[in-house]
Amino acid sequence: MTQLLTDKNAIVYGAAGSIGGAVAAAFAREGAIVWLAGRTRATLDATAGKIRADGGRAEVAVVDALEEAAVDALVERVAADGGSVDVSFNAVDRGDVQGALVADMPVADYLAPTLNGLTTNVVTARAAARRMAAQGTGGAILTVSSGSSLVQGPMMGGTGAADAAIEQFIRTLAAEAGPGGVRVLGIWTAGVADSLTDERIAAVWGEGAPTAAQAVAGIAAAAALKRAPRLAEVAETAAFLASDRASAITGTMVNVTCGLVLR
């Protein structure tokens, strides 16, 4: 079977995380040369090792995706080494804080996911869009959000506001970069079952956090398909969207929530 991303150069920011790592592995299986970007070399090296053990090609770049100069330098390095930048995927953690009413939450905690999420997406997507337009071959820029821009329950903090800001940025950049063949889009992921752990949920939710099993059960009960999405489903969707087979899709969010979000 023909690979979706044969010899494409793909940068994955937040590549040591659960979603970023799964997407990077899927890109590599589909033939891409994957550049794993993040702040911690040890975890990036571990992700790269797994990809290489499976026959994929991976490079490691220690980069803070909130720093514009560092991201610009990485994009130029990839272009110089590989000849092009074809895919940019952002899975950087935004620092969402949940588990408290907005009225009781420090302003900084409410704003953190919007400030961090919008900053890293603007920094990484603009750098990729400029390079893709200059090389004349276009490309795909992708990110993730939870879909809380449409479905916002109590105790979710600034998650919905962050999703809405990032999704509006996607639509704006898609309109501006489209004439150069650059596609910009995202994936709604909601609660990805095998990315959730008790520790991760507690870090976001704080005191009284549900366990991972409880969270997954709650998602399954509310979703149309009566289950939560899995990492493999998010990763395979990302690989398709990054490929030429999705060449008419841009400026939108693709729903991989098992129907937790119906839109």
Side-chain angles (χ1 to χ4, degrees), residues 13-14 17-20 22-23 26 89-99 102 109-122 124-125 140-174 183-197 200-201 203-205 209-210 212 214-242 246 249-263:
Y13 298 94
S18 55
I19 291 177
V23 168
F89 185 93
N90 191 310
V92 173
D93 185 88
R94 306 183 309 197
D96 290 56
V97 179
Q98 301 172 359
V102 171
D109 285 352
Y110 182 84
L111 293 177
T114 298
L115 294 175
N116 292 335
L118 193 56
T119 299
T120 183
N121 276 285
V122 170
T124 59
I141 298 169
L142 298 95
T143 191
V144 293
S145 81
S146 72
S148 293
S149 57
L150 297 178
V151 181
Q152 180 70 11
M155 313 285 277
M156 291 291 289
T159 295
D163 286 354
I166 292 166
E167 291 164 25
Q168 180 57 47
F169 168 67
I170 286 171
R171 290 188 288 271
T172 299
L173 186 61
R183 298 183 296 114
V184 189
L185 62 160
I187 300 171
W188 282 331
T189 61
V192 181
D194 43 346
S195 74
L196 299 177
T197 65
R200 286 192 63 190
I201 294 173
V204 172
W205 193 264
Q214 289 169 335
V216 171
I219 292 164
L225 294 180
K226 298 306 174 188
R227 65 180 181 86
R230 302 191 65 80
L231 283 170
E233 293 170 317
V234 175
E236 293 300 327
T237 300
F240 167 73
L241 293 174
I249 304 175
T250 193
T252 192
M253 301 298 296
V254 175
N255 192 338
V256 190
T257 67
C258 286
L260 184 63
V261 178
L262 291 174
R263 180 65 174 267

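This one's a predicted model, so the numbers in the text were calculated from it and none came from an experiment.
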Side chains of Trp188 and Leu150 in contact at under 4.5 Å (non-hydrogen atoms): yes
To the nearest 0.5 Å, what is the distance between OG (Ser195) and CZ (Arg200)? 5.0 Å
Interatomic spacing from CG in Asp194 to CG in Leu231 - rounded to 0.5 Å: 4.0 Å
Check whether any side-chain heavy atom of Asp163 sits under 4.5 Å from a side-chain heavy atom of Arg94, and report yes or no. yes
Side-chain donor or acceptor of Thr120 paired with backbone N/O of Asn116 under 3.5 Å: no
Answer yes or no: is there a donor N or O on one side and an acceptor on the other, between the side chain of Ser146 and the main chain of Ala190, under 3.5 Å? no
Taking side chain to side chain contact (heavy atoms under 4.5 Å, CB included) as the criterion, tell me which of Ile170, Asn121, Thr143 meets it with Val184. Ile170
So, the side chain of Arg183 versus the backbone of Ile249: is there a donor-acceptor pair under 3.5 Å, distance only? yes
Taking the side chain from Asn255 and the backbone from Val261, do they hold a donor-acceptor pair closer than 3.5 Å? yes
Looking only at heavy atoms, what is the nearest atom pair of Gly191 and Ala228, with distance? O-CB, 3.6 Å
Taking all atoms of both residues into account, what is the closest heavy-atom pair of Ala165 and Leu118, and its distance? O-CD1, 3.8 Å
Point-to-point distance, once rounded to the nearest 0.5 Å, from CG of Leu142 to CE of Met253: 9.5 Å
